[in-house]
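We use all heavy atoms of the structure for the numbers below, so side chains are in, but hydrogens, waters and symmetry mates are not. The model shown is predicted, which means the values in this text are computed figures rather than measured ones.
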Amino acid sequence: MAYATPADVEARLGRPLDASETQVVSARLHDSELIIRNRIPDLDERVADGRIDRDVVVLVEVEMVLRLVRNPEGYTAETDGNYSYQLSSDVASGHLSVLPSEWGLLGVRGGIYTIKPYVDVPTNRSGEADPNWWWIT
């Protein structure tokens, strides 16, 4: 069972969900939690001991589902005569996803790392690096 409920989605959407929307939202909230649990398998323990705030989990699950409710078809742009509008790619994906900023709220850190090569520099008899080590044959 997801931490978020359809009522949480309604509160953030600003309107009540109809019966069919409530059914879809319930299923998608469950799906959103599966996605989060795939990366944070010990989610319940982290919420229980306070490492992750329960309200943050609710926030992320609801935001994931709201992106679908607001744009179920995943449209990025629409034009009708003189009228046109375009949605952000974050909102217009049409599928459940967790944004990098949301992973950050959940305590999952991603980042860039550097692989530093190790070069074994030959030393002379006194243990000092030989300044011309690359010329040694």
Side-chain angles (χ1 to χ4, degrees):
M1 179 91 180
Y3 284 93
T5 65
D8 295 318
V9 174
E10 285 179 335
R12 288 168 176 86
L13 184 59
R15 67 171 176 82
L17 298 170
D18 64 31
S20 64
E21 286 178 321
T22 301
Q23 184 178 2
V24 170
V25 164
S26 294
R28 297 310 260 170
L29 285 171
H30 176 73
D31 296 344
S32 68
E33 188 154 316
L34 290 176
I35 291 169
I36 293 169
R37 285 182 186 281
N38 186 52
R39 193 140 178 207
I40 310 173
D42 61 340
L43 181 64
D44 291 330
E45 292 83 19
R46 291 183 186 205
V47 170
D49 67 18
R51 286 183 286 164
I52 298 176
D53 189 331
R54 183 185 189 286
D55 291 339
V56 170
V57 178
V58 170
L59 169 71
V60 172
E61 289 177 358
V62 168
E63 288 300 320
M64 291 172 69
V65 172
L66 279 177
R67 286 192 280 276
L68 291 180
V69 171
R70 290 181 182 136
N71 187 21
E73 304 300 323
Y75 294 130
T76 56
E78 183 176 317
T79 302
D80 184 14
N82 292 332
Y83 172 76
S84 69
Y85 71 92
Q86 185 168 353
L87 296 173
S88 161
S89 61
D90 290 340
V91 174
S93 67
H95 58 85
L96 284 175
S97 61
V98 184
L99 301 178
S101 61
E102 292 167 341
W103 282 124
L105 289 172
L106 292 170
V108 175
R109 303 286 181 242
I112 299 173
Y113 58 90
T114 303
I115 299 174
K116 182 178 175 184
Y118 175 76
V119 179
D120 188 18
V121 178
T123 59
N124 57 24
R125 290 183 182 173
S126 63
E128 298 173 357
D130 186 343
N132 298 319
W133 65 271
W134 58 86
W135 294 105
I136 299 174
T137 55

Engineer: Val24 and Leu66: same hydrophobic cluster, using ILVMFWY side-chain contacts below 4.5 Å?
Structural biologist: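 Unlinked, Val24 and Leu66 end up in two clusters.
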
Engineer: When rounded to the nearest 0.5 angstrom, what distance separates CD1 in Ile36 from CE in Met64?
Structural biologist: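 Ile36 atom CD1 to Met64 atom CE measures 5.0 Å (nearest 0.5 Å).
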
Engineer: Examine distances only and state if a side-chain atom of Glu102 and a backbone atom of Leu99 form a donor-acceptor pair shorter than 3.5 Å.
Structural biologist: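 Yes; judged by distance alone, with no hydrogens or angles, the pair exists.
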
Engineer: Given salt bridge (charged side-chain N to carboxylate O under 4.0 Å, His left out), test Arg15 with Glu21 step by step and report yes or no.
Structural biologist: CA-CA 11 Å; Arg15 67 171 176 82; Glu21 286 178 321; 2.8 Å; yes

Engineer: Only one of Arg51, Arg37, Arg54 clears salt bridge (Lys or Arg N to Asp or Glu O under 4.0 Å) with Asp44; which?
Structural biologist: Arg37

Engineer: Report the distance from atom CG of Asp31 to atom CZ of Arg28, rounding to the nearest 0.5 Å.
Structural biologist: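 Spacing of CG (Asp31) from CZ (Arg28) equals 5.0 Å.
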
Engineer: Can you tell me if CD on Glu45 sees more than 12 non-hydrogen neighbours from other groups inside 6.0 Å?
Structural biologist: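 Yes.
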
Engineer: Is the backbone N or O of Ala4 less than 3.5 Å from a side-chain atom of Glu61, with the two atoms forming a donor-acceptor pair by type?
Structural biologist: yes

Engineer: Is it the case that one hydrophobic cluster holds both Tyr3 and Val108, taking links as side-chain heavy atoms less than 4.5 Å apart, direct or via other members?
Structural biologist: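 Yes, same cluster.
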
Engineer: Using every non-hydrogen atom in the two residues, find where Arg67 and Ser97 come nearest and quote the distance to one decimal.
Structural biologist: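 The pair with the smallest heavy-atom distance is NH2-O, 2.7 Å.
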
Engineer: Within 45° of the ring axis of Trp103 and under 6.0 Å from its six-membered ring centre, is that where the NZ or CZ of Arg39 lies?
Structural biologist: yes

Engineer: Checking side chain to side chain contact (heavy atoms under 4.5 Å, CB included) between Val62 and each of Val65, Leu59, Val58, Val60, which is the one that passes?
Structural biologist: Val58

Engineer: Got a second to check how far Leu13's CG is from Arg70's CZ, nearest 0.5 Å?
Structural biologist: 6.5 Å

Engineer: The test is side-chain contact (heavy atoms from CB on, under 4.5 Å); show your working for Ile52 and Ile40 and say whether it passes.
Structural biologist: CA-CA 11 Å; Ile52 298 176; Ile40 310 173; 4.3 Å; yes

Engineer: Compare every heavy atom of Arg109 with every heavy atom of Gly104, then report the nearest pair and how far apart it is.
Structural biologist: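 Distance-wise, the nearest heavy atoms are O-NH1, 2.9 Å.
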
Engineer: Nearest heavy-atom pair of Leu29 and Ala2: which atoms, and what distance?
Structural biologist: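 The pair with the smallest heavy-atom distance is O-CB, 3.5 Å.
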
Engineer: Which pair of heavy atoms, one from Asp55 and one from Asp53, lies closest together, and at what distance?
Structural biologist: N-OD1, 2.9 Å

